[in-house]
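So that the names make sense, note that chain A is the first sequence line, chain B the second, and so on, each numbered from 1.
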There are 2 protein chains.
Amino acid sequence: MADVARRAGVSPMTVSRAFKTPATVSAAVRQRVEEAAAALGYVPNLVAGNLASSRSRMIAAVVPTLANSNFLGTLKGLSDRLRQEGYQLLLTETGYDPGEEAAAVAAVLGRRPDGIVLTGAQHHPSVTAMLRAAQVAVVETWDLHGPFIDMAVGFSHRAAALALGRMVVGRGYRRVGYIDFPHAGVRRFQERRRGVRAALREAGLDPGLVAGVADEGYAGGRSGLDSLLSMAGDLDAVICATDVQAIGVLFECARRGWPVPDRLGVAGFGDYEIAAEVPPGLTSVRTNGRGIGVAAAELILRRQEGGMAAAPVLDLGFEIVSRGSLR
Amino acid sequence: MADVARRAGVSPMTVSRAFKTPATVSAAVRQRVEEAAAALGYVPNLVAGNLASSRSRMIAAVVPTLANSNFLGTLKGLSDRLRQEGYQLLLTETGYDPGEEAAAVAAVLGRRPDGIVLTGAQHHPSVTAMLRAAQVAVVETWDLHGPFIDMAVGFSHRAAALALGRMVVGRGYRRVGYIDFPHAGVRRFQERRRGVRAALREAGLDPGLVAGVADEGYAGGRSGLDSLLSMAGDLDAVICATDVQAIGVLFECARRGWPVPDRLGVAGFGDYEIAAEVPPGLTSVRTNGRGIGVAAAELILRRQEGGMAAAPVLDLGFEIVSRGSLR
DNA sequence: TATGGCTCTGGTATCGCTAACATCGAACCT
DNA sequence: AGGTTCGATGTTAGCGATACCAGAGCCATA
């Protein structure tokens, strides 16, 4: 920076201003500085800048997994919105392991991010403690059951699952099974299970057809269907914790030659891109994953600007998308 | 840090050592420092540390897209391997836009990452210039046609596509179409197209059945199939630039009631998880996406340790996985 | 007992930038 | 003319760590 300043015939402070707040520098000087910087290939060192200003313009995102998940949408929303403001994303995957999450938060905090976006509202106690102490903007995403560390954006998984269950029941299915998520202890998935079972119970149907699965991904749909059929051979519909599992069920039906939606109705959760593509179309819950990311970004940005002492909680809702997999 | 030092009755320098190089501090002192740090909730400020040591322990990854892609595996391999060494990932998506890539590299360089992982070997000239000037470890991934900025890990897309094409031809298909990638200008996809066409040509078949598509994702398979059929109603096999498109073709076949592999043979590229799940199984090229990420991490780490002045180029190869979508 | 080599600890000088305040003309007002 | 305001620039003092060198004990060896 000193070299650039010398070459442009100004002080280092003016160079700094020419980059950070160009409006505060006269046009002539700004141009001289830009030319000097270009000639010398100068790239401002943000590490030093961050240290001096104690603002890093980095946001950390901590997600359970990227594979086959709606978190990608959230991440994309987040990073798109943040990039516009010159922020960057520090990413960590935790594999649904609370210990990993705690380690990730600890590691990331040392870099003094301006904000941290967490997935879910269920954390190791040390995570809560560290983040409270760090005085950093925190957004918990996807789940909406507090208490929250700071801010939150998501929707009610229970309400969504309840609505989906009611739709299945309303279509006349009577022996409805539910395929759980491999990490069934995660609150988000507990809520989904509860919502579905509540819908069955209120219709006087058996809410006991629940299959726990060990397999991740599509394979979970297959093994879940197997275990549901061993519980109830007359099973006529399946609701899955995620679309990926539901697609696995559809594939298994195709393999068995079972017509969907007549032999078996199928519903998923998440409305992944593939839900609209797979024949005969998968009925699912559309969640606003991208919107969650954008909203999280907005909350953090607004907090940076100093306004907003309160800690908002945003419900972005959901929508049931009806397709051919349900009669 | 000064507070911790005071509380532990040592100098700040010793606190620094207790964290960075515990072996150089006596056990008694180390424990006092750890206790003091815990009591005060001290989290070392890596920003300051980075500035002083001019090593950031951050690696930047620049990928075209995360959705429906094999880059996820690479990213995961990269981040898993790096996390073990205490490094973190700075992520940027560019949407297959070279201008965006240049902007991303410029933005990221200011944070002085210890390494940058790029996708492909085709970049805006400014990217090459910036990275050369920055003296940072660079790994170009996936593609293996130089010249490279620094190091590279990938495989030959042409050889893979050639092998896949030969397999299709070997199974007796005679009117073979190819569905291109939406961003057909990307070198990696040019190579795939060339490999397939070379296989067709050497078998004396028409290499002209190539469909360009505009749609991303599964929809591209559907529209690609449409346009191939309008070119050749007697089409008997389709090779796709990616598995996602191939799955789109399989879905369209199911919709039309066309038996696969008899009415139409289908082959994809990438061996995504779904390829093994979708009936009747998708024949595809298995690429070692995760391995590419791990190898890229290793290269950067080794470069950090000071060894390895040379700039290695690693070919991780590929493998054809034969499944039911080809007779 | 003197010497050299260890291991452990401390002091000092940066790393490259920005916050905060100081300065200086020029423009504007009464 | 004098005072006030404002915009553009410069000066100074850190931000919170680490690199580097120096010094203090301690042991083994001759």
Note: B:Leu314 and B:Ala295 closest approach over all heavy atoms is CD2-CB, 4.1 Å
A:Val29 near the nucleic acid: base, sugar-phosphate alone, or nothing, with a heavy-atom cut-off under 4.0 Å?
-> sugar-phosphate
Find the distance A:Leu46:CG to C:dT18:P and express it as a whole number of Å.
-> 8 Å
Look only at the side chain of B:Thr141 and the backbone of B:Val153, and say whether a donor-acceptor pair between them is shorter than 3.5 Å.
-> no
Can A:Arg7 and A:Asp3 be counted as an ion pair, charged N to O under 4.0 angstrom?
-> no
Between B:Gln304 and B:Asp114, is there a donor-acceptor pair closer than 3.5 Å when you use the side chain of the first and the backbone of the second?
-> yes
Without hydrogens or angle criteria, can the side chains of A:His183 and A:Glu216 be said to hold a donor-acceptor pair below 3.5 Å?
-> yes
Distance in angstrom units between A:Lys20 NZ and D:dT9 P, rounded = 19 Å
Donor-acceptor pairs under 3.5 angstrom involving side-chain atoms of residues 12-21 of chain A: please list them, not counting sequence neighbours.
residue, atom, partner, partner atom, Å
A:Thr14, OG1, A:Ser11, OG, 3.3
A:Thr21, OG1, A:Thr24, OG1, 3.1

Spacing between A:Asn50 atom CG and C:dC17 atom C1', to the nearest angstrom = 10 Å
Can a side chain N or O of A:Ser26 be found less than 4.0 Å away from OP1 or OP2 on D:dT9?
-> yes
Roughly, in whole Å, what's the span from OH in A:Tyr42 to C1' in C:dG16?
-> 8 Å
Measure the distance from CZ on B:Arg32 to C1' on C:dC8 and round it to the nearest whole Å.
-> 12 Å
Checking side-chain contact (heavy atoms from CB on, under 4.5 Å) against A:Asp150, which of A:Arg303, A:Arg132, A:Glu140 comes through?
-> A:Arg303
N/O contacts under 3.5 Å, protein versus nucleotides 13-15 of chain D?
residue, atom, partner, partner atom, Å
D:dC15, O2, A:Ala52, N, 3.4

Whether A:Arg32 side chain and A:Ala8 backbone form a donor-acceptor pair below 3.5 Å | yes
Of all of residues 1-18 of chain A, which get a heavy atom below 4.0 angstrom from DNA chain C, listed by number?
-> A:Met1, A:Met13, A:Ser16
